[in-house]
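In what follows, a single structure is set out as structure tokens and then discussed.
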Amino acid sequence: MVSRDSEGTHNRIFAVVRRIPRGRVLTYGDVAALAGMPEHARLVGYALHALPEHSSVPWHRVINHKGGISTGRAWPGGELVQRALLEAEGLEFDANGRTSLKRYRWAPDRDDAPGPHSG
DNA sequence: CATTTGACATCTT
DNA sequence: TAAGATGCCAAAT
């Protein structure tokens with residue numbers, strides 16, 4: 001029973017992000033789709049922006065479609081923080097600061113298995 | 001209440 | 001692959 005749309009919407013997003021396992025990442029569009037609001041990736045990023053620091057939501061596992069970090073001016077230095085957190089989970093970044101979405105993109109169907117040749 | 005800005009994605013060139 | 005333009009909803013001013 002949600003009287004507020006924003007709260008319900010944001011809540012949905014957080015719920016999806018929390019489902020992201022460790023060592024995996026999702027794009028804003030994917031999170032939005034799983035949250036029930038496809039093509040509305042902006043709302044996902046916006047929700048994460050409103051995410052409090054005491055939140056147990058692995059926001060750092062959400063990246064843009066280019067496989068990079070788009071904190072932008074909204075978070076000076078955030079690119080370094082998110083990248084550090086992802087690296088701590090075992091992810092690899094390209095010289096351009098991009099990851100392999102083909103390799104780290106998480107799917108609701110796939111529990112884990114980073115790759116057919118990764119083990 | 002209206003205008004501007006914003007953790008993005010997608011199409012076109 | 002990279003750069004420019006557009007659409008969407010919500011928050012801030």
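Letters A, B, ... mirror the listed sequences (proteins, then strands); counts begin at 1.
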task: Check the distance between C:dA2's P and A:N64's CG and give it to me in whole angstrom.
output: 13 Å
- prompt: Roughly how many Å is it from CG in A:L34 to C1' in B:dA9, rounded to a whole number?
  reply: 15 Å
task: Kindly say whether A:G68 contributes a backbone atom to a donor-acceptor pair with the side chain of A:E79 at under 3.5 angstrom?
output: no
field: Nearest-angstrom distance from the residue atom CH2 of A:W59 to C1' of B:dC8
entry: 16 Å
query: In whole Å, what is the span from the CD1 atom of A:I13 to the C1' atom of C:dC8?
result: 13 Å
message: Base, sugar-phosphate or nothing for A:S70? Non-hydrogen atoms, less than 4.0 Å.
response: sugar-phosphate
statement: Closest to the side chain of A:H40, out of B:dA9, C:dA10, C:dC9, is C:dC9
- line: Rounded to whole Å, CE of A:M37 lies from C1' of B:dA9 at a distance of 14 Å
Nearest-nucleotide 5' precedence on DNA chain B, A:D30 against A:Y46: A:Y46
- prompt: Would a distance-only check, ignoring hydrogens and angles, find a side-chain to backbone donor-acceptor pair under 3.5 Å from A:N64 to A:K66?
  reply: yes
Length of the CZ-C1' vector between A:R105 and B:dC8, whole Å: 13 Å
- prompt: Could you walk me through whether A:L26 and A:L34 pass the side-chain contact (heavy atoms from CB on, under 4.5 Å) check?
  reply: CA-CA 10 Å; A:L26 269 177; A:L34 295 172; 4.0 Å; yes
statement: Between A:R42 and A:N96, the residue closer to the 5' end of DNA chain C by nearest nucleotide is A:N96
- request: Could you tell me whether the phosphate oxygens of B:dT10, OP1 or OP2, come under 4.0 Å of any side-chain nitrogen or oxygen in A:H65?
  value: yes
message: Test of understanding: clusters of I, L, V, M, F, W, Y form through side-chain heavy atoms closer than 4.5 Å, transitively. Do A:L85 and A:V44 belong to the same one?
response: yes
- request: Take atom CG of A:L101 and atom C1' of B:dT10, then tell me their distance rounded to the nearest Å.
  value: 15 Å
